[in-house]
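Let me begin by presenting the structure, written as structure tokens, before commenting on it.
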There are 2 protein chains.
Amino acid sequence: MRTKRQSSETIPTNQNPVEKSSAPLYRQLAETLQLHMESGKIAPNEPLPAERDLAISFKVSRDTVRKAIRLLEERGVLYSDHGRGTFAAPAAVRQMSRFLDSFSEDTLKRGGTPGQKILSMENVAANMAIASLLHVEAHVPLMRIRRLRLMDDAVVGLQDSYLHLPQGARLERKELERAGSLYRLLIDKFSIEPSESLESVGAIAASADDALLLGVGPGTPLLVCERVMLSDRREPIEYCEMKYVPSYRYKTRINKWSNG
Amino acid sequence: MRTKRQSSETIPTNQNPVEKSSAPLYRQLAETLQLHMESGKIAPNEPLPAERDLAISFKVSRDTVRKAIRLLEERGVLYSDHGRGTFAAPAAVRQMSRFLDSFSEDTLKRGGTPGQKILSMENVAANMAIASLLHVEAHVPLMRIRRLRLMDDAVVGLQDSYLHLPQGARLERKELERAGSLYRLLIDKFSIEPSESLESVGAIAASADDALLLGVGPGTPLLVCERVMLSDRREPIEYCEMKYVPSYRYKTRINKWSNG
DNA sequence: TAGTGGTCTAGACCACCCC
DNA sequence: GGGTGGTCTAGACCACTAG
């Protein structure tokens, strides 16, 4: 009999070791592990089996196990400590995404129903400030989209996007209404893959216009978030300013000391 | 002569391949690569040498090169595209941390001088709300620290921390004043290593008290950030509420689609 | 089709934590 | 001392991109 640390249970190895789709092994393994932990089999801060044991159970190399663990660590599902072991993360951590989701995703994750009301879509000439952010010449045509964002039919935010689309690209109001998500549309229609965004968050008083649209009093404190979105080629694609009513909050999880 | 893609230049391999300290090889390599890129030898969006070539140049395995690249990718220094290559990131990305820094670090990074004025340090009994967040019984003694945060001698924020310290731990005002950073003190004095934090960001109107302390008018919109900080054992250590004047902004970089 | 990054393996040794 | 995660290697093959 092995004299090693007992982890709560062995994880069922699914007969055929891992496979189900053609996704990389380590992703399939991560999926399996995550499901196993979400089903509550391993209590928060309780250890998983050791990496070497997982490798044997699932008939993969230890390196593949480690890749799966790194992925779940990013998702906040578990964490590893040198010399101690790998542990299930507390629920509070697991529930919080490390990445700011799109409005739609974020709302869904909160258990709400996302919605939008398109206020306007028009072609405008870039002013100097926005041209500089998007790395284009001033007066280049941009598509400006103004939207109200709804959560469970209540107005929570106001988005003002400036898109730098490829030459001749056209975007219809109907398409956006149908897609629901602007980024979904960029991917599907133009093969533009958002990869990274630079954000700046602050507080601002609602202008008369803002107040009217958001249904709050003028001067109400709003959460304002500016974003420059980059494509996979790191070209600036979109500048967006978002204003949210005080009841709306950004939530995020941060690894404090990940940097070397 | 090799007929492969030309990267702008080969990277000087530092005679003795990499070593200088006893840090892991991949970290040393990352450091070398980062310095080389920050010196502007590779223009934004220009390719680095291929992983296999870097491995040969630096006399390390390809896997070690890949680990260094992953690290620099997290720091926003470069990015890799499957089948295309590895590229220097645009300056705008490189400058933005993916991790919310502590106030001191953040201020330094912006080129400012961080400061603090301790308003009060006292032992208080946990109320139900805070007890619940910190996973302690109500009425457990906590240390409450209220501080003004300064940037270049100007008041920009108000922090209100509740610390759950180990039994009998004592914290003197002088120590905190000397250390400058609360987290630095936790590490050095109590071996408490902050590892992760859960944050919630919103907007709020300045109360009369807030306004007085921050030197703004009552009702001024403030950026408010609540945080629960976890130790390396994932025990909640601190609850902190931070309020910032409108001129102060959080900046961060987000990998939009890192999740699977 | 050639070159690139992405995945996977099997094994070795080191660094750390705890009994 | 014995178990754990962390680093490192050398080599193989796959998947994607581009000329």
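Chain naming here is simple, since letters A, B, ... match the order of the sequence lines and numbering starts at 1 in each.
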Can you name the side-chain hydrogen bond (donor to acceptor under 3.5 Å, both in side chains) partners of [X], sequence neighbours left out?
X        : result
B/Glu73  : B/Arg70
B/Tyr162 : B/Arg144
A/Asn45  : A/Tyr79
A/Ser181 : none

Checking [X] now: which residues fulfil salt bridge (Lys or Arg N to Asp or Glu O under 4.0 Å) with it, not counting sequence neighbours?
X        : value
B/Glu172 : B/Arg170
A/Glu51  : A/Arg62, A/Arg66
A/Arg178 : none

Between [N] ([atom2]) and [X] ([atom1]): distance, integer Å:
X        : N      : atom1 : atom2 : result
A/Ile69  : D/dG5  : CD1   : C1'   : 9 Å
A/Phe87  : D/dG5  : CZ    : C1'   : 10 Å
A/Leu54  : C/dA10 : CG    : C1'   : 17 Å
B/Asp232 : C/dC18 : CG    : C1'   : 15 Å

Polar atom pairs (N or O), protein with nucleotides 6-8 of chain C, under 3.5 Å:
| residue | atom | partner | partner atom | Å |
| --- | --- | --- | --- | --- |
| C/dG6 | OP2 | B/Arg66 | NH1 | 2.8 |
| C/dG6 | OP2 | B/Arg66 | NH2 | 3.4 |
| C/dG6 | N7 | B/Arg62 | NH2 | 2.7 |
| C/dG6 | O6 | B/Arg62 | NH1 | 2.9 |
| C/dT7 | OP1 | A/Tyr26 | OH | 2.8 |
| C/dC8 | OP1 | A/Leu25 | N | 2.3 |
| C/dC8 | OP2 | A/Leu25 | N | 3.3 |
| C/dC8 | OP2 | A/Tyr26 | N | 3.2 |

Test side chain to side chain donor-acceptor pair (under 3.5 Å) applied to A/Tyr239 and A/Arg227, A/His164, A/Glu226, the passing residue: A/Glu226
Watson-Crick or G-U pairs under 3.5 Å in DNA chain D, rendered as dot-bracket with [ ] for crossing pairs and | for another strand: ||||||||||||||||||.
Contact nearer the 5' end of DNA chain D, comparing A/Arg233 with B/Val65: B/Val65
